[in-house]
Amino acid sequence: MEQKSIAVLTSGGDAPGMNAAVRAVVRAGINRGMRVYGIYRGFNGLLNGEIEEMNLRSVSDIIGNGGTMLYTARSEEFKKKEAQERAAEFCRNKGISGVVVIGGDGSFRGARALTAAGINCIGVPGTIDNDIACSEYTVGFDTAMNTALQMVDRIRDTAQSHDRCSIVEVMGRRCGDIALQTGIAVGATAILVPEIEYNIEKDVIARIVNTQKTGKKHFIIVVAEGVGGVRDLAKYIEQRLNIEARATILGHVQRGGSPTLRDRVVASLMGYKAVSLLDRGLGNRVVVMHDGKITHLDINEALDMERVFDEQLYKVAMSISI
Ligand code: F6P
């Protein structure tokens, strides 16, 4: 029987744990007797021929590294049909019948297009935001939250020493999950997320005032990137309440660093699953976590799903951070 060849790429914003997923794909593929190629810089690598055959040692000692050894990109060019056809032709010429695409929603759209052009693709959710509706969990989320937690804990030390209010912006353009989880973990007085409309007087000022009445003098407000405006919020709090306030934007520090145990394990399981699906001749699927188990869904179905924000968790946070 002819030896099957598959490839793996990472696309979109990098996320800690992507390397663990790449390693799992390479190792699981070779273990099944396949040839496995690494494609560099996302879908652009298929267009520029940036590709290399991997062996078992190509992915040694990367499981604990942040970033992605395959580099990544958000490819504008790959949105064009002509580019998708060209990439599929490139794969056919190399004998590659399937590609594992590790990334977010945008990357899954690319995977769908490449499958439609004749090359089976399997998506693996990798993004720190946890903003992929079809999966309870995305690789990188745990590490990013823990980094944000450590950073806010440090900010708390200085906010406490100075009796200040610190407003901290965490990542998440469309999704407040990092803000919500971090906010709970640091006991934030207010948490602002894009999924929930807020009123500055009721949801920030009144919460600070009520907490002040109980004797507290320092406050942490966690704000998701998608809400933004942390510097203006700091100024407003200073003027309105006559307390010192400081704004901090954590930014890309949340995207780097050695992945946590959870991210390494989930990435390994998802990468392994993706290879088993390609081995079965399947394409246009995305590996997901559902009820804590690793399973898979049709990409179209996955992309049509709407994310549900955990309002109950938000309510719990608001009722105990007082
Ligand atoms: O999707 C992951 C993410 O880190 C978002 O939280 C953030 O909005 C975005 O990527 C930042 O993208 P870039 O690195 O291109 O500035």
Side-chain angles (χ1 to χ4, degrees), residues 1-12 14-75 77-78 83-103 107-108 110-126 139 259 264 267-287:
M1 208 172 71
E2 205 193 316
Q3 192 182 21
K4 203 169 187 155
S5 295
I6 64 165
V8 55
L9 62 83
T10 50
S11 160
D14 64 345
M18 279 185 162
N19 279 324
V22 170
R23 172 180 176 271
V25 171
V26 171
R27 298 258 173 97
I30 293 174
N31 202 20
R32 282 169 185 258
M34 299 171 173
R35 293 175 81 139
V36 185
Y37 291 89
I39 299 163
Y40 293 97
R41 299 184 170 80
F43 290 103
N44 286 342
L46 282 176
L47 302 173
N48 307 332
E50 276 196 90
I51 181 169
E52 196 174 9
E53 186 170 351
M54 303 268 138
N55 61 45
L56 292 175
R57 297 283 71 80
S58 316
V59 289
S60 284
D61 298 324
I62 63 164
I63 195 164
N65 296 348
T68 160
M69 68 163 287
L70 293 178
Y71 304 91
T72 187
R74 294 189 172 100
S75 177
E77 197 184 353
F78 198 75
Q84 297 156 6
E85 297 290 349
R86 195 149 47 86
E89 194 52 31
F90 175 80
C91 289
R92 275 189 286 273
N93 289 338
K94 281 262 173 202
I96 295 168
S97 59
V99 180
V100 178
V101 174
I102 305 164
S107 312
F108 296 165
R112 174 166 67 181
L114 191 57
T115 307
I119 306 297
N120 279 342
C121 287
I122 307 291
V124 167
V139 171
R264 297 182 200 194
S268 300
L269 294 175
M270 286 183 165
Y272 176 89
K273 184 75 174 182
V275 173
S276 74
L277 297 176
L278 285 179
D279 205 16
R280 283 163 56 192
L282 297 175
N284 214 44
R285 311 288 299 174
V286 51
V287 177

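- When atom types are taken as modelled, the side chain of Asn19 and the backbone of Asn65 share a donor-acceptor pair closer than 3.5 angstrom.
- In terms of heavy-atom proximity, Ala111 sits nearest to Val101 at CB-CG2, 4.0 Å.
- At a threshold of 4.5 Å between non-hydrogen side-chain atoms, the residues Val287 and Leu277 count as touching.
- Atom CZ of Arg35 is separated from atom NZ of Lys4 by 15.0 Å, given to the nearest 0.5 angstrom.
- The line from CZ of Arg285 to CG of Asn120 is 11.0 Å long, rounded to the nearest 0.5 Å.
- Side chains of Ser276 and Asp279: no donor on one and acceptor on the other come within 3.5 Å.
- Closest approach of Met69 and Ser58 over heavy atoms only: CE-O, 3.8 Å.
- No side-chain heavy atom of Ser107 sits under 4.5 Å from any side-chain heavy atom of Leu9.
- Formation of a donor-acceptor pair under 3.5 Å by the Arg23 side chain with backbone atoms of Ser60 is not found in this model.
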Criterion side-chain contact (heavy atoms from CB on, under 4.5 Å) on Val8 and Leu70, from CA distance to verdict: CA-CA 9 Å; Val8 55; Leu70 293 178; 4.1 Å; yes
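- When atom types are taken as modelled, the side chain of Thr72 and the backbone of Gly12 share a donor-acceptor pair closer than 3.5 angstrom.
- Note on ring orientation: taking the six-membered ring where Trp is involved, the planes of Tyr40 and Tyr71 are tilted (angle from 30° to 60°).
- Distance CD/Gln84 to OG/Ser75: 9.5 Å, rounded to 0.5 Å.
- The backbone N or O of Ala117 lies less than 3.5 Å from no partner atom in the side chain of Glu85, so there is not a single donor-acceptor pair.
- For the atom pair Leu46 CG and Lys94 NZ, the distance stands at 11.0 Å (nearest 0.5 Å).
- Of the charged side-chain nitrogens involved, at least one lies within less than 4.0 Å of a carboxylate oxygen, so that Glu89 and Arg92 count as a salt-bridged pair.
- The minimum heavy-atom distance linking Val99 with Leu278 is given by the pair N-CD1, 4.0 Å.
- Taking all atoms of both residues into account, the shortest heavy-atom contact from Phe108 to Gly123 is CE2-CA, 3.6 Å.
- From Ile6, atom CD1 reaches atom CE of Met54 across 11.5 Å, with rounding to the nearest 0.5 Å.
- Leu269 CG to Arg264 CZ: the interatomic distance, rounded to the nearest 0.5 Å, is 14.0 Å.
- The environment of Asn93 atom CG is dense: over 12 non-hydrogen atoms of other residues, nucleotides or ligands sit within 6.0 angstrom.
- The minimum heavy-atom distance linking Ile63 with Pro259 is given by the pair O-CG, 3.5 Å.
- Test Ile39, Asn48, Ile51 against Phe90 for side-chain contact (heavy atoms from CB on, under 4.5 Å) and you get one pass: Ile51.
- Here the closest heavy-atom approach between residue Leu47 and residue Ala83 is recorded as CD2-O, 3.3 Å.
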